[in-house]
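Quick notes on the structure that follows.
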Amino acid sequence: MPEPRESEKAITKRAEDYGRWYTDVIAAAELADHSPVRGCMVIRPHGYAIWEAIQRALDRMIKKTGHQNAYFPLFIPESFLKKEAQHVEGFAPHCAVVTHGGGQKLEEALYVRPTSETIMYTMFAKWIQSWRDLPLLINQWANVVRWELRTRLFLRTCEFLWQEGHTAHATAEEADAEARKMCGVYRTFAEEFMALPVVSGSKSEAERFAGAETTYCIEGLMQDGKALQAGTSHFLGQNFAKAFDVKFQTQDGQLAHVWQTSWGVSTRLVGALIMAHSDDTGLVLPPKLAPIPVAIVPIWKGDEERKATLGAANDLAGKLEGAGVENVKVDDREGLRPGAKYFDWERRGVPLRVEIGPKDLAKSQVMLVRRDTGAKSPAPAAEGPARVRALLDEIQKGLFDRAKSHRDAHTFSTDRYDDFKKRIEEAPGFYALRWCGSGKCEAEIKEETQATLRVIPFDSKPDPGPCVKCGANAPGKRAYFARAY
RNA sequence: CGGGGUGUAGCGCAGUCUGGCAGCGCGCUUGGUUUGGGACCAAGAGAGCGCGGGUUCGAAUCCCGCCACCCCGACCA
C-alpha cells in the first residue's frame with residue numbers, strides 16, 4: 001500500500017508504537033471520540049454499527065440458549081451493594097454515587113450500577129418461590145459505570161455498554177454448567193463472528209469476580225502479544241442468594257437457596273476486534289460484523305461512462321442484497337477520484353471492495369479487492385454476486401486463520417523461571433507455566449514480570465511437576481500467563 | 001493516584017527562549033476543469049492562542065494558580 005500523504009495525519013505504524021497505532025486507527029475509521037467527560041467515550045456511528053452487529057449476533061445466541069431480555073434500573077441503593085461482602089469490597093471504590101435528587105440530599109445514596117447483581121437478585125427473591133420457577137434465565141443490555149483512573153477507548157472507559165446475563169438454578173451442578181455453557185457461547189461468538197481465536201478456561205482466585213466462586217473467561221491474544229479478556233462468566237454459588245435471600249421450595253418441600261451465575265461481554269469487544277485484525281493502513285473488519293461488508297466504486301470519465309458504471313454498480317448492489325449480502329455501499333460520490341475512495345474504505349475496514357470501470361464493462365467483469373490481503377482479482381460480471389459471497393467467507397476464515405497462527409506462534413511453554421522472565425520481555429505472548437496454585441507465587445510473578453495469570457485452559461491435560469516459581473508440586477494443568485490489557 | 005508530555009482554526013503544526021496587535025499545510029465553502037491508487041486552478045469562510053488571575057503602554061509569548069487530554073506505572077470488562 002502507498003505511503004500516506006505527508007500533510008495528512010498518518011496512522012502510526014504498529015511496529016513503531018502500538019498504543020498510538022490503536023488510537024490512530026480509531027480516529028481514522030471514525031469509530032469513537034473522547035468526550036468532554038473524562039474517561040468517557042462517544043461511540044460514533046461507524047463504531048456503534050459494529051457494536052450493533054455484535055449485539056445482533058450475540059443476542060440471537062443468548063436467546064437460543066433460553067434466556068430472555070429484561071431491563072433493571074441504573075440506580076442501586078447503597079444498602080443493596082453492601083449486602084455481599086466480597087462484592088462491595090470489589091466494586092464500591094470504583095463507583096459513581098448520586099447523593100442529590102430534585103435539589104435535595106437523598107435519604108440513601110444511589111450508586112450508578114457497576115454491574116447489576118444486587119438490584120437484579122433483589123427482584124429475583126420476589127419472583128422465585130418454587131423449583132418450578134427455576135431456572136430463571138435473564139439477560140440485560142445496558143450501560144454500566146466504573147470509575148476507572150486510566151482509560152482507553154473501548155478497552156477501558158468509565159462508562160461502557162455491555163450485556164449481563166444473570167441466572168438462578170436449583171443445583172450447584174446446573175448453575176456451574178450454565179456458567180460454562182455461556183463461556184462456550186462467548187467462545188463460539190468470538191471465533192465465528194469476530195474471527196478471534198480465544199483460550200477459554202478458568203481464572204485464578206486472585207483474578208476472579210468479586211463475589212464469585214469460580215470465574216470462567218475467554219482470553220484473546222492481540223497482535224502485540226498482550227492478552228485481552230474478551231468475556232467472563234461466573235459461577236456465583238449461593239453467595240448472593242444468601243445475601244439477598246433468594247430461596248425456593250424444593251420438590252420435597254424443603255427451603256433452599258438458589259445457585260446463580262452471571263456473565264457478560266462489553267464494548268471492549270470492539271477494541272479486541274480492532275487490535276486483532278487491523279493493519280498499518282487502518283481498520284480491518286471480519287465480514288460477519290462489518291457494518292458495510294462491500295463497497296462498490298464505479299469509475300468514470302464523463303457522463304456516459306458515469307451512467308454506465310454507476311448503473312452496473314447499482315445493479316450488482318441489488319443482486320447482492322438479493323443474495324443475502326446486506327448494506328452494500330455504492331460509492332457514487334462526485335468530486336472524489338477513485339483512489340481517494342479506495343483509501344477511504346480501507347481506513348474504515350470494509351472487507352471487500354468492488355471496482356467497476358469502463359475497462360471492466362468492456363470485458364463484462366468486475367474487479368474484487370480484498371481488504372485483508374490486498375489481493376485483486378477480476379470476476380465475470382455474471383458471477384459477481386456468487387464470487388463476492390465466496391470471498392467474504394474466505395476473508396472471514398482468512399482472518400481467523402491468520403489470528404490463530406499468530407496466537408499459536410506466540411504461545412510458549414517453559415519450566416524455568418529465569419527463562420520465562422527473559423522471554424516475556426523479548427517475545428510477549430501466552431506462557432504456559434506450571435503453577436502450584438498459591439496466590440503468593442502468582443503475586444510475585446506479577447510483581448516481577450508484569451504478567452498475570454490469564455486463564456487455566458479447559459482443553460488441556462494435567463501436567464504435574466515443580467511450580468515454576470517456588471518449585472513446590474504443581475499437580476494440575478499449566479496456567480497461561482501473559483501481560484494483559 | 002505517582003512519573004513524563006502536550007494544550008494556538010475541524011485536524012496536524014510553526015510562532016513562546018529574545019513581548020509589538022496570529023501564521024502554514026490538510027480539511028471545509030463556492031465556481032470551473034478532472035476522475036483505473038489520496039486531482040488541479042481560482043476565490044472564500046474559520047482561531048485571538050485550555051481556564052482564571054497578575055506584570056506591562058502592549059501578553060499566545062513573562063509570573064502565579066487551576067483544568068483537561070495523551071503516554072508510562074499501581075487497580076479493572
Side-chain angles (χ1 to χ4, degrees), chain A residues 1-10 12 17-20 22-24 27-28 30 33-41 89-91 93-95 114-115 143-164 186 203 206-210 215 217-220 228-234 262-272 281 297-303 305-306 309-310 331-347 353 355-362 367 369 374 376 378 446-447 450 452 483-485:
Chain A
M1 307 246 170
E3 290 296 309
R5 300 198 314 205
E6 282 178 24
S7 49
E8 203 169 283
K9 198 196 172 198
T12 306
D17 184 339
Y18 194 79
R20 199 172 295 275
Y22 176 76
T23 312
D24 288 350
E30 297 180 344
D33 214 340
H34 293 280
S35 80
V37 182
R38 67 171 297 152
C40 295
M41 69 173 161
E89 194 181 312
F91 281 105
H94 305 288
C95 285
T115 177
N143 58 338
V144 288
V145 169
R146 297 178 191 176
W147 215 256
E148 300 294 345
L149 298 172
R150 195 177 152 205
T151 58
R152 298 192 70 186
L153 294 177
F154 291 113
L155 298 178
R156 182 176 301 107
T157 47
C158 287
E159 180 189 16
F160 58 91
L161 306 181
W162 75 346
Q163 137 303 291
E164 50 178 323
Y186 289 156
K203 285 285 193 193
E207 298 282 335
R208 81 183 174 209
F209 176 74
T215 288
C217 67
I218 55 170
E219 290 279 331
L228 181 74
Q229 180 170 301
T232 51
S233 171
H234 317 290
S262 68
W263 27 275
V265 300
S266 71
T267 33
R268 170 180 270 193
L269 290 183
V270 179
T281 309
V297 180
I299 300 153
W300 66 73
K301 253 195 293 267
D303 263 0
E305 282 182 8
R306 181 175 173 279
T309 56
L310 195 52
D331 193 344
D332 58 1
R333 285 177 290 181
E334 309 274 352
L336 273 188
R337 308 176 115 215
K341 294 180 178 181
Y342 302 163
F343 278 100
D344 201 33
W345 297 118
E346 278 163 7
R347 272 192 316 203
R353 180 174 79 241
E355 304 172 8
I356 303 180
K359 292 175 200 164
D360 299 306
L361 288 186
M367 195 60 81
V369 188
K376 208 165 176 170
K446 182 176 177 181
E447 174 72 23
Q450 281 101 58
T452 49
R483 290 184 180 160
Y485 279 99

So what's B/G58 paired with, Watson-Crick or G-U wobble, going by both distances under 3.5 Å? none

Select base, sugar-phosphate, or nothing to describe what A/W162 touches, counting heavy atoms under 4.0 Å on all strands. nothing

Is B/C69 paired to anything, Watson-Crick or G-U wobble with both distances less than 3.5 Å, and if yes, which nucleotide? B/G5

Are A/E219 and A/K203 within salt-bridge range, i.e. N to O under 4.0 Å? yes

With both distances kept under 3.5 Å, what pairs with B/U18, Watson-Crick or G-U wobble? none

Which is true for A/G357 with a 4.0 Å heavy-atom rule: it touches a base, it touches only sugar-phosphate, or it touches nothing? base

Sticking with atom P, work out how far B/G27 lies from B/G12, rounded to a whole angstrom. 15 Å

Between A/P358 and A/S35, name the one whose nearest nucleotide on RNA chain B is closer to the 5' end. A/P358

I'd like to check A/P114 versus A/V144 (side-chain heavy atoms, cut-off strictly below 4.5 Å). Are they in contact? no

Nearest heavy atoms of A/D332 and A/W300, plus distance in Å: O-CH2, 4.1 Å

Should A/H34 be listed as having a side-chain N or O under 4.0 Å from OP1 or OP2 of B/C70? yes

Need one value for A/L269: base, sugar-phosphate or nothing, where a base atom within 4.0 Å counts as base even if backbone is also close, heavy atoms only. nothing

Between B/U34 (C1') and A/R333 (CZ): distance, integer Å: 17 Å

Please determine, for B/G37, whether a Watson-Crick or G-U wobble partner exists with both distances under 3.5 Å, and give it or none. none

Under 4.0 angstrom, heavy atoms only, what part of the nucleic acid is A/L155 near: base, sugar-phosphate, or nothing? base

Who is the Watson-Crick or G-U wobble partner of B/U30, with both distances under 3.5 Å? B/A42

For B/A77, which nucleotide in any strand shown is its Watson-Crick or wobble partner with both distances under 3.5 Å? none

Does the structure place the NZ or CZ of A/R353 under 6.0 Å from the centre of the six-membered ring of A/Y342, at an angle of no more than 45° from the ring's axis? yes

Across the strands shown, which category fits A/R353 at heavy-atom distances under 4.0 angstrom: base, sugar-phosphate, nothing? base

Identified pairing partner of B/G12, criterion: Watson-Crick or G-U wobble below 3.5 Å: B/C24

Going by the glycosidic torsion and a 90 degree boundary from 0, is the base of B/G48 oriented syn or anti? syn

Please give the distance between the C1' atoms of B/A39 and B/G48 as a whole number of Å. 34 Å

Which part of the nucleic acid, if any, lies within contact of A/K301, taking any heavy atom under 4.0 Å across all strands shown: a base, the sugar-phosphate backbone alone, or nothing? sugar-phosphate

For A/D17, answer base if it contacts any base atom (sugar-phosphate contacts may also be present), sugar-phosphate if it contacts only those atoms, and nothing otherwise; contact means non-hydrogen atoms under 4.0 Å. nothing

If I take atom CZ in residue A/F343 and atom P in nucleotide B/U35, what distance separates them, rounded to the nearest angstrom? 19 Å

Between the base of B/G36 and the side chain of A/E305, is there any donor-acceptor pair under 3.5 Å? no

Which nucleotide in the set B/G36, B/A77, B/A74 lies at the smallest distance from any side-chain heavy atom of A/R337? B/G36

